[in-house]
J.: 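Quick one: this structure, given as structure tokens, is what I'll be asking you about.
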Amino acid sequence: MDTNALAELLFPHVTKTPEEMEALFPARNLKEGTVVSRMAPSPTGFVHLGNLIQGLTSERMCHQSGGVLFLRVEDTDAKREVEGAVEILIESLKHYDIRFDEGATVEGDSGSYGPYRQRQRKDIYHVYAKQLVLQGEAYPCFCTEDELADIHQRQEAEKANYGYFGKWAIWRDRSIEEIKEAMAAGLPWVLRYRSTGSIENKIRFTDLIKGNLELTENDMDHVLLKSDGIPTYHFAHAVDDHLMRTTHVVRGDEWLPSLPFHLQLFRSLGFKPPKYLHIGPLMKMDGESKRKLSKRKDPELALTYYRKEGFPVRSVYEYLMTVLNSNFEDWRRQNPDAPVDDFKFSYKKMNPAGSLFDAAKLRDVSKNVISRMDVETVYGEVLAFAKDYDTALYDHLAADPDYAKSILAIGRGGKKPRKDFAVLSDVRPYLDFFYDDWFRVVDAYPEQFSPSDIKAALEAFVAVYDPADDSGVWFDKIKAIADRLGYASDMKAYKEDPCAFRGSVADISMFLRVAVTGKLNSPDMYSAMQILGYGRVIDRIKAMANKL
Ligand code: GLU
């Protein structure tokens, strides 16, 4: 076969050479050991936790080493593409604070290794497709769908392996005349790789997460270019990650079976392969057994879920860190206020089998994260969440920011901040009673207390309440009421002999709490009364006393 003639026949429009491409996209001028990596998602409109885990791993590896992270949009599968998906993708990654140094942006491309959208790189792929034809390592295949189906059927009948390889690869050794004829007839063709591998052979390979692996060689003549000239993932991966000078490819382990083919491609193209990190899938417990998170069954796989539920970005981020690096939690305990980037992330700590998603743990991490936010941050978080998902809350909080912040400041700061919120949607039921139009008495007094006793306690408090009192004096007054009305002011004494009292000072506080907040559980009462102000506190207590 005159491969020169075939290359010209298939790619007459290609005039550039691989050498010229090398000059256009030269090696990056970076120190030894610097990581260049990428996120390479397909714009399907569905951005999931797996994307984020992959992105975060790449991001940490790049930025901890002073390297480069870029975003490449893998839009070669037009069938799966959804209108606006690229924007959704870019926006979601930005929301989750994956910081790209270059790549696709909503406005276009940024960086000198682009274009960063694969459909715009067609000419580049064709340079290398032509090279492979020239080397005799690629050939056109004019098989129709029906012919492929027929091959499949015959393989089934013969109990042979499925696929286009060996004797089944019916266009592998056609003459140039036959190819010319098919082209002249206007038949569509794909470009296939001419594999010289055999399934009898194994290749050894070290994955940075999975460790040492032994994989079966690839013997398939896989498609490199589809009939519209757009590459398959495999071919684009080799060309792009070489030209964009990727040093580390972090991706889902569903790609592991394709790795032998990828390594063949790198060799045929004369490229040095990158280092690979194949991440195991995200699992969850389903009864007693583990299973992969699924798009259909598990809403928590989608990133939009966390936003809607009101998990701050930082919570999701720290949760994922906890999942990826088992020492993160200890580090965080020892460095509660350190910026998360101070943590030394290590891919070596990642579980080769994948991570287990645990919703309860996520809530736990989130409680800690929110409790450590300062008032301004938490106010900003709640406001941003409410703007999209709870407009009434937004209106209330935005109407008087100082008032809202004074509420959110309760129990914040100090060594042991309160952990009231796991999600931002917990905020509304926590603070609704601070707003008159939302205030309702939702909890009833426990039945063991008689209305007249409660009323007596409430009236006693109205008579002595002075908002100028500090919390010590305020509580002493409540204790004095307790003593006077036959409740224990000393909890120890009460516990020793509960029958000697009507109740304890905690019950007096509870009477006040239900009257003022409408609930049996509420934020710190002294602070709540300070924020509500004398008039409202007294009005609410009196209104309750009148009802009893
Ligand atoms: N587009 C591929 C995917 O979404 C990218 C895999 C890779 O990172 O190479 O699975």
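Counting starts at 1 for both ligands and their atoms, following the listed order. The structure presented is a predicted model; accordingly, all values stated were derived computationally and were not measured.
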J.: Report every pair formed by an N or O atom of ligand 1 and a protein N or O atom separated by less than 3.5 Å, giving atom names and the distance to 0.1 Å.
T.:
from	atom 1	to	atom 2	distance (Å)
ligand 1	1 (N)	A40	O	2.8
ligand 1	1 (N)	S42	OG	3.3
ligand 1	1 (N)	E74	OE1	2.7
ligand 1	8 (O)	R38	NH1	2.8
ligand 1	8 (O)	R38	NH2	3.4
ligand 1	9 (O)	R38	NH2	2.6
ligand 1	9 (O)	Y233	OH	2.4
ligand 1	10 (O)	W255	NE1	3.1

J.: Exactly one of Y164, F165, F261 should register a ring pair (Phe, Tyr, Trp, His ring centres under 6.0 Å) with Y193. Which one does?
T.: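 That would be F261.
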J.: Should the pair K272 and F266 be classed as cation-pi, given the thresholds of under 6.0 Å to the six-membered ring centre and 45° from the axis?
T.: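 So K272 doesn't make the cation-pi contact.
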J.: With sequence neighbours left out, what residues match E178 under side-chain hydrogen bond (donor to acceptor under 3.5 Å, both in side chains)?
T.: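 E178 satisfies side-chain hydrogen bond (donor to acceptor under 3.5 Å, both in side chains) with S175 once adjacent residues are dropped.
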J.: List in chain and number order the residues that pass side chain to side chain contact (heavy atoms under 4.5 Å, CB included) with P281, two or more places apart in sequence or in another chain; answer none if no residue qualifies.
T.: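 Once residues adjacent in sequence are excluded, the partners of P281 under the side chain to side chain contact (heavy atoms under 4.5 Å, CB included) criterion are D253, M283, K292.
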J.: Cation-pi check, R72 to Y113: give yes when NZ or CZ is under 6.0 Å from the six-membered ring centre and within 45° of the ring axis, no otherwise.
T.: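 No cation-pi geometry.
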J.: Applying side-chain hydrogen bond (donor to acceptor under 3.5 Å, both in side chains), name anything that partners D286, two or more places apart in sequence or on another chain.
T.: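 For D286, the residues satisfying side-chain hydrogen bond (donor to acceptor under 3.5 Å, both in side chains) (neighbours in sequence not counted) are R291.
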